[in-house]
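Heads up: the structure comes next, in structure tokens.
Note on naming: letters A, B, ... go to the chains in the order of the sequence lines (proteins, then strands), and numbering restarts at 1 for each one. Values in this document were obtained by computation on a predicted structure and should not be read as measured data.
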Amino acid sequence: MQIEKVYEPQRFEPHWAQWWIDRKLYVAQHRPGPAFSLVIPPPNVTGSLHMGHMLEHAEIDTTVRRRRMLGDNTLWLPGTDHAGIATQMMVERQLAKEGIDRCRLGREKFEDRVWQWKEQYGDTIKAQMVRMGLSCDWSRERFTLDPGLSRAVREVFVRLYEKGLIYRGEYMVNWCPGCRTALSDLEVAHDETQGNMWHIRYPVHGSSRSLVVATTRPETMLGDTAVAINPADPRYFDLHGLTVDLPLMNREIPLILDEVADPKFGTGVVKITPAHDPNDFEAGRRHHLPHVKVIGENGHMTLEAGPYAGLDRMEARRRVVQDLEDLGLLEKVEPYPLSVGKCDRCKTVVEPLVSIQWFVKTKPLAAKAIEVVENGRIEFIPEMWTKTYFEWMYNIRDWCVSRQLWWGHRIPAWHCKSCGEVMVAREAPEACLRCGGSMLEQDPDVLDTWFSSALWPFSTLGWPDETEDLKLFYPTSLLITGFDILFFWVARMVMMGIEFMGEVPFRQVYIHGLVRDADRLKMSKTRGNTIDPLAMTEKYGTDAVRLSLLMGAAPGTDIVLTEDRMESARAFANKIWNAARLLFMNMERSGVPPWLPADPQPGLPETAGSLAASLEDRWIFSRLNACAEQANRAIDQYRFHEAAQVLWHFFWHEFCDWYLEFKKLRFEENSGLTADWRNLLTVFESALRLLHPVMPFLTEELWQRLKSADANRPESISLAPYPQYRQESADLAAEHEMQILQDAITAARNLRAEMKLDPKQLVEGALYGRGIAVTVGRSHSQAIRKLANIDLEFREEAAPGARGAEARRSTPEFDLILRIPLEQTDAQRKRLEKEKEQLDKVIAASRRQLADETFLSRAPEHVVGSIRQKLVEYEAQAAKVRAGLEGLAG
RNA sequence: GGGCGCGUAGCUCAGUUGGUUAGAGCGCCUGCUUCACACGCAGGAGGUCACAGGUUCGAGUCCUGUCGCGCCCACCA
């Protein structure tokens with residue numbers, strides 16, 4: 001069995017990746033409903049994938065597969081994007097790649113483009129869409145969203161409308177002049193920027209007085225329809241009932257009394273622009289003020305802006321300020337920090353605009369969504385996110401769901417061209433319900449992609465039909481996601497799920513950290529600082545990238561992804577590879593065929609049992625057992641970093657560093673006995689299964705090589721059971737004995753290194769101990785000799801007083817004494833003195849505690865007891881150290 | 001303005017309900033071409049756990065405050 005010296009992931013991963021994709025696509029195609037996520041994205045389509053998704057894939061796969069191993073058929077919701085978003089993401093990514101400004105592209109052109117992609121990428125795009133839970137039907141000669149999903153969307157819309165939870169009206173919305181669409185509040189990102197506060201003087205009509213208003217957006221003054229003062233503000237009592245002259249526009253506008261004007265803020269005078277400011281909109285409503293819309297949908301000034309019509313809003317701002325200054329009406333300008341709302345997607349400054357849109361009334365939905373979290377039906381992990389969730393839910397505002405884009409789900413509403421009636425219906429009505437006219441037109445708007453996303457948990461399972469899938473998979477157990485879509489998606493799935501299914505969509509929400517780069521910046525598609533996972537996997541291997549993500553994935557913290565980490569993960573992969581290499585090479589030499597132990601359902605294999613187990617066998621089985629326990633618990637608690645660390649430590653520092661070293665000695669002796677081989681392969685195979693969720697490709701490859709002789713094995717390691725803890729496999733006696741052996745070897749190495757002894761020189765020494773230490777040492781004297789290069793005598797008696805040139809190390813179990821050259825006694829003395837210092841410190845601390853009456857009376861029994869016991873040990877050790885020092889002195 | 005989180009070894013971070021000499025990886029130092037692995041082996045140095053108080057027999061861990069950093073929410077002209 002030839003096996004290369006260095007593990008080259010590129011040679012094996014593509015093969016296994018394809019295997020996985022085929023399998024998952026098969027699953028996706030042969031059962032309705034959402035597919036499991038794939039291990040890695042199909043090449044060539046994704047380009048640069050969001051690293052968060054990588055993590056999701058890693059986590060989902062870990063958990064999903066494990067569940068499957070345990071025979072739990074619960075469907076775990078993959079954290080991939082829902083159809084609408086997926087489509088949009090894919091489309092946008094492709095557009096960006098081709099350098100096309102998506103906002104400027106018309107619907108016709110868009111469809112052309114999609115057809116072009118079809119020609120170009122065909123099946124890969126299809127695979128990508130299936131991966132994202134989207135169906136892709138080229139045969140219909142149209143690029144459409146899943147018709148089933150569209151049906152669910154229409155159904156939900158109509159039902160919400162019938163319940164009065166959807167309304168259409170003219171309100172202030174966030175308008176993106178770049179995308180030319182309305183946005184929900186969530187899609188507006190606020191940026192702290194340095195702006196200006198302009199103070200403008202408005203003359204009071206027919207009076208010599210004037211009022212000074214302050215604004216951060218002076219161009220909006222063109223649309224002012226009033227100026228407000230607080231009714232209780234004594235400075236302006238005399239002006240009640242008057243009007244002011246709006247500068248530049250020569251309009252006379254009323255001076256109104258309203259609470260929006262805060263007497264404590266600035267001059268206490270506020271300009272009112274009902275068409276361009278949410279506050280003013282409300283004020284305008286209270287006072288029945290007209291709306292003068294001076295900024296249009298394209299971000300340019302409208303005809304209402306008079307001489308400024310047609311100007312870009314920013315240019316208009318400059319002109320207005322200039323003109324006011326020329327007129328001497330600009331009182332002052334001061335720098336002012338303000339937060340500017342920008343479009344989440346295109347970063348254009350959002351303009352508050354009055355327009356007719358569709359809204360979802362969210363308060364009633366939110367009330368139920370709050371309740372289910374309060375009573376524990378839904379649990380957030382880590383728990384701190386519940387607070388964030390509540391914060392948002394309690395302060396929720398109505399949700400503007402209509403978008404003026406040309407992809408997405410059309411709003412199921414029809415307008416009668418004759419009488420203006422608006423009808424919401426599942427299917428296009430034949431005639432107007434009011435006037436009977438037949439000139440009907442569907443509302444041109446589409447829905448916010450998050451609207452359909454909110455329905456994902458049930459719309460993908462065939463709702464509104466009562467399907468088998470729906471019965472089986474709703475509610476699901478777990479949602480894994482990043483906090484950046486907690487509100488966008490998670491919260492809304494909860495609201496819609498309860499509303500339409502009468503039950504929560506999932507029980508647990510595991511929220512993982514965001515992946516950050518070395519500068520701690522969030523990696524995101526829009527920021528463009530994503531590490532290209534394909535490049536990383538190319539360089540270090542998918543398993544290494546995956547492991548480094550998991551190692552950094554402590555709950556509640558972000559993940560800093562650095563190449564350093566990936567490098568060390570790659571080293572670990574190589575370590576596994578080379579451990580296998582050692583096995584395979586020796587198997588060949590010994591003529592042992594590839595062999596696997598009897599299938600150990602459901603978890604760990606039987607221990608060596610009757611098969612003449614050596615100490616290292618008993619020990620490693622016990623450690624393997626402990627490792628399985630810790631790994632299982634860590635995964636159950638979503639502590640993936642801990643699982644990764646436990647596995648790392650077990651494999652590298654127990655299996656390789658000690659167990660294999662011991663076994664190498666056996667091979668040297670006699671090529672290994674049957675029991676040696678059997679135990680060794682059993683442990684190795686179990687370790688591979690333990691490691692598999694963390695390093696799927698490497699372990700799969702090695703497992704395939706191991707199983708080659710056994711046709712009855714499952715086709716993949718992922719179908720083999722995950723090792724479980726079994727109490728009867730714990731062997732504390734073996735662990736204790738092995739510990740003594742390790743201590744002796746480590747102590748000897750330590751002394752050798754400190755005394756700067758020649759590594760090749762065999763050193764003589766003696767081990768003095770009681771009972772077990774001597775027995776264990778004696779029966780493993782060869783191991784000690786090989787691993788520490790010392791030749792020991794074993795004496796079951798107290799260590800003699802010091803006798804000149806010797807180095808000594810003591811543990812509670814034994815004293816180890818090495819003969820050393822005379823010139824090294826100084827070094828030895830120094831070491832002993834340092835040790836004495838440390839011991840004195842802890843002895844003093846222990847004594848102080850034990851002398852403390854309150855401690856003795858209040859601390860629990862076991863704490864006091866263990867300190868007493870420790871103190872005895874410390875003191876014994878200190879005595880030995882003192883003896884050593886005295887000997888050196890003489 | 002409101003909310004959340006973080007400050008632990010040179011760097012990146014762990015540290016589940018307060019309990020015995022605070023851990024890992026990388027980096028650093030010393031020594032090893034030992035026939036699985038230099039993506040390695042053996043050994044080592046390095047921390048008054050941001051600061052100040054408090055609760056407690058006992059605090060990296062709980063409470064209060066201060067300083068520094070990050071994030072989220074918010075119709076503050």
Side-chain angles (χ1 to χ4, degrees), chain A residues 3 5-7 172 185-186 190 197 213-217 228 260-262 265-273 277-282 338-339 352 384-385 387-388 391-392 395 397 483-484 486-487 514 518 520 522 540 544 548 551-552 554-560 562 564-565 567-586 633 637 639 641-642 645 648-649 656-657 660-661 664 746 749-754 756 758-760 786-789 838-839 841-842 845-846 849 852-860 862-864 866-867 869-871 874:
Chain A
I3 179 163
K5 196 163 173 175
V6 173
Y7 174 55
M172 180 69 56
D185 295 328
L186 271 182
H190 292 272
M197 181 75 88
V213 301
T215 179
T216 54
R217 295 186 298 148
V260 287
D262 178 0
F265 188 95
T267 56
V269 187
V270 189
K271 62 192 267 311
I272 302 293
T273 323
D277 183 276
N279 267 331
D280 297 1
F281 179 78
E282 294 301 323
L338 74 162
S339 73
M384 65 175 183
W385 291 107
K387 199 155 183 183
T388 311
E391 201 66 33
W392 188 73
N395 299 308
R397 299 173 60 216
F483 64 79
D484 48 341
L486 183 60
F487 306 138
L514 261 41
R520 310 207 85 260
K522 168 184 165 182
Y540 299 104
S548 57
M551 285 196 303
T557 61
D558 287 341
I559 298 152
V560 177
T562 61
D564 269 4
R565 253 178 214 273
E567 238 171 72
S568 72
R570 180 186 57 182
F572 182 58
N574 196 47
K575 189 73 183 176
I576 299 172
W577 184 255
N578 276 293
R581 191 161 169 255
L582 171 73
L583 284 192
F584 294 152
M585 285 169 74
N586 277 292
R633 193 178 46 212
Q637 298 176 352
R639 302 173 64 81
H641 69 297
E642 204 172 280
Q645 208 208 331
W648 177 299
H649 183 263
C656 289
D657 286 356
L660 287 184
E661 289 304 318
K664 265 155 76 174
T746 306
R749 283 169 173 170
N750 187 325
L751 289 175
R752 293 185 58 108
E754 250 163 33
K756 301 208 186 309
D758 179 354
K760 288 189 206 72
K786 292 278 186 183
L787 297 179
N789 204 18
Q838 275 177 344
L839 280 167
K841 221 161 64 184
V842 293
S846 306
Q849 266 193 305
D852 188 338
E853 286 301 328
T854 35
F855 170 71
L856 292 177
S857 60
R858 300 214 188 173
H862 71 276
V863 174
V864 178
S866 71
I867 288 184
Q869 192 192 329
K870 281 280 173 189
L871 179 59
Y874 293 150

Nearest to side-chain heavy atoms of F487(A), which nucleotide of G19(B), U20(B), C72(B)
C72(B)
Which nucleotide in C76(B), C39(B), G19(B) has an atom nearest any side-chain atom of N279(A)
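The closest nucleotide is C76(B).
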With [atom1] as the reference atom in both, quote the distance from [N] to [M] in angstrom, rounded to an integer.
N      : M      : atom1 : result
C76(B) : G23(B) : C1'   : 47 Å
A22(B) : C49(B) : C1'   : 8 Å
U21(B) : G58(B) : P     : 15 Å
C13(B) : A74(B) : P     : 28 Å
C39(B) : C6(B)  : P     : 38 Å
C37(B) : C32(B) : C1'   : 15 Å
G53(B) : A59(B) : P     : 14 Å
C62(B) : G25(B) : P     : 26 Å

Within the 4.0 Å heavy-atom criterion, would you say [X] contacts the bases, only the backbone, or no part of the nucleic acid?
X       : result
T746(A) : sugar-phosphate
Q838(A) : nothing
V213(A) : nothing
F572(A) : nothing
P352(A) : nothing

Whole angstroms only, please: what is the [atom1]-[atom2] distance between [X] and [N]?
X       : N      : atom1 : atom2 : answer
E391(A) : C73(B) : CD    : C1'   : 7 Å
I272(A) : A77(B) : CD1   : P     : 13 Å
M172(A) : A77(B) : CE    : C1'   : 14 Å
E642(A) : C13(B) : CD    : C1'   : 14 Å
L186(A) : C72(B) : CG    : P     : 12 Å
D852(A) : U20(B) : CG    : P     : 17 Å
N395(A) : A74(B) : CG    : C1'   : 8 Å
M384(A) : C72(B) : CE    : P     : 13 Å

Between [X] (side chain only) and [Y] (backbone N and O only), is there a donor and an acceptor less than 3.5 Å apart?
X       : Y       : value
N750(A) : T746(A) : no
R581(A) : I3(A)   : yes
R749(A) : L787(A) : yes

Side chains of [X] and [Y] in contact at under 4.5 Å (non-hydrogen atoms):
X       : Y       : value
K664(A) : L582(A) : yes
C656(A) : K575(A) : yes
R217(A) : D277(A) : yes

[X]: side-chain contact (heavy atoms from CB on, under 4.5 Å) partners, not counting sequence neighbours:
X       : answer
Q849(A) : F855(A), I867(A)
S866(A) : none
T388(A) : W385(A), L486(A), F487(A)

Treating a pair as Watson-Crick (purine N1 to pyrimidine N3 plus N6-O4 or O6-N4) or G-U wobble (N1-O2 and O6-N3) with both distances under 3.5 Å, list the stems of 3 or more consecutive pairs that involve RNA chain B.
B:1-7 with B:67-73, B:10-13 with B:23-26, B:28-32 with B:40-44, B:50-54 with B:62-66
M551(A) and A569(A): which non-hydrogen atoms are nearest, and at how many Å?
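Closest pair (atom of M551(A), atom of A569(A), distance): CE-CB, 4.5 Å.
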Does [X] place a side-chain N or O at less than 4.0 Å from the phosphate oxygens OP1/OP2 of [N]?
X       : N      : answer
R639(A) : G15(B) : yes
K870(A) : U20(B) : no
N750(A) : G44(B) : yes

Residue whose closest nucleotide on RNA chain B lies nearer the 5' end, R749(A) versus A214(A)
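Result of the comparison: R749(A).
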Nearest-nucleotide wise, let me know which of W392(A) and L856(A) is further upstream toward the 5' end of RNA chain B.
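Whichever sits nearer the 5' end wins; that is L856(A).
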Parallel, tilted or perpendicular: which describes the rings of W577(A) and Y7(A), with under 30° parallel and over 60° perpendicular?
tilted
For T854(A), check side-chain hydrogen bond (donor to acceptor under 3.5 Å, both in side chains) against everything at least two apart and list the hits.
D852(A)
Got a donor-acceptor pair under 3.5 Å from the side chain of T562(A) to the base of U12(B)?
no
How does protein reach along nucleotides 24-37 of chain B, written 5' to 3' as B (base within reach of a heavy atom under 4.0 Å), S (only sugar-phosphate), or - (no contact)?
SSS----S----BB
